[in-house]
Amino acid sequence: MYVKICGLSEPEHVATAVEAGADAIGFVMTKSPRRITPERAAELAALVPPHVLTVGVFRGEDPQTVREAALASGVRAVQLHGKHPHGDFTALKDLGVRLIRAVDAQADLRCGAYDEDLLIVDAPHAGSGQPWDWAAVRGRPSGQWMLAGGLAPGNVAEAVAAAEPWGVDVSSGVETAPGKKDSDLIRAFLKAVRDLDA
């Protein structure tokens, strides 16, 4: 099971996620309680070994803004969240990074439909931290896709059983308050997922 820990802003939490076995780490560079600058993302990305994917998360920014932030931060993937047109992905193809499309369950759920490499299927209200009807998407997404939205250490096993995703993506579920990550919760989440793989 592929695991992405998103919205990290502190070196200790990046280190915890890497040590605990995260496959990808997300840095939010768009309007959010978790927002950091491309310069801060670069500092944090430098702490991440090559086998862990670093992801810059954007929502609504134009491709040129995304390009500049991605280059400044040195992330190895770009995530476009929400209603980005196909052209936004096409415009970023030459960056040489992996592209991730994050949408709700009403969107086209074929991974690759917008030339992206990975797909995230999120809650209707992204960032709310509220669980939603994970089972409603079971069997619908194709390709490499991650389930997001309301996941936490205590419910990720239930969510995976309901939706059968290729991976999972967590942010608020490993926080004590909006934007405040917790190392114990990060470890607990990764252990809960790895126990499913056992």
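In this chain, residues are counted from 1 in sequence order.
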Determine whether Arg59 and Lys31 satisfy the following criterion, side-chain contact (heavy atoms from CB on, under 4.5 Å), listing intermediate values before the conclusion. CA-CA 8 Å; Arg59 185 187 188 103; Lys31 188 178 178 185; over 6 Å; no
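- Side-chain atoms of Ser73 come within 3.5 Å of backbone atoms of Ala69 as a donor-acceptor pair (strictly under, hydrogens ignored).
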For the pair Asp182 and Val174, evaluate side-chain contact (heavy atoms from CB on, under 4.5 Å) and give the outcome as yes or no after the intermediate values. CA-CA 6 Å; Asp182 181 89; Val174 291; over 6 Å; no
Take Tyr2 and Asp169 through the test side-chain contact (heavy atoms from CB on, under 4.5 Å) and record every step on the way to the result. CA-CA 8 Å; Tyr2 194 91; Asp169 180 14; over 6 Å; no
side-chain contact (heavy atoms from CB on, under 4.5 Å) between His81 and Asp122: does it pass, once the steps are laid out? CA-CA 9 Å; His81 213 107; Asp122 202 350; 3.1 Å; yes
Tabulate below the donor-acceptor pairs under 3.5 Å that side-chain atoms of residues 10-18 make, not counting sequence neighbours, or state none.
{"unit_1": "Glu10", "atom_1": "OE1", "unit_2": "Arg40", "atom_2": "NH2", "d": "3.4"}
{"unit_1": "His13", "atom_1": "NE2", "unit_2": "Lys181", "atom_2": "O", "d": "3.2"}
{"unit_1": "Thr16", "atom_1": "OG1", "unit_2": "Glu12", "atom_2": "O", "d": "2.9"}
{"unit_1": "Thr16", "atom_1": "OG1", "unit_2": "Ser183", "atom_2": "OG", "d": "3.1"}

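- The side-chain hydrogen bond (donor to acceptor under 3.5 Å, both in side chains) pairs that include a residue from residues 91-113 are Arg67-Asp94, Arg101-Glu116, Asp108-Arg110, where partners are two or more places apart or lie in different chains.
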Go through the steps for Ser171 and Arg34 under the test side chain to side chain donor-acceptor pair (under 3.5 Å), then give the verdict. CA-CA 9 Å; Ser171 183; Arg34 302 162 188 90; 3.2 Å; yes
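- Applying the side-chain hydrogen bond (donor to acceptor under 3.5 Å, both in side chains) rule to pairs touching residues 131-159 yields Arg138-Glu164, sequence neighbours excluded.
- Cluster membership for Ile120 and Met1, using ILVMFWY side-chain heavy atoms within less than 4.5 angstrom, is not shared.
- For the pair Glu175 (side chain) and Gly179 (backbone), a donor-acceptor distance under 3.5 Å is present.
- Residues passing the salt bridge (charged side-chain N to carboxylate O under 4.0 Å, His left out) test with Arg76, sequence neighbours excluded: none.
- Remark: His86 engages Thr90, Tyr114, Asp115 in a side chain to side chain contact (heavy atoms under 4.5 Å, CB included) (not counting sequence neighbours).
- Scanning for salt bridge (charged side-chain N to carboxylate O under 4.0 Å, His left out) contacts around Asp23 gives Arg194, with sequence neighbours left out.
- Under the side-chain contact (heavy atoms from CB on, under 4.5 Å) rule, Val193 has a single partner from Val160, Leu151, Val170, Val156, which is Val156.
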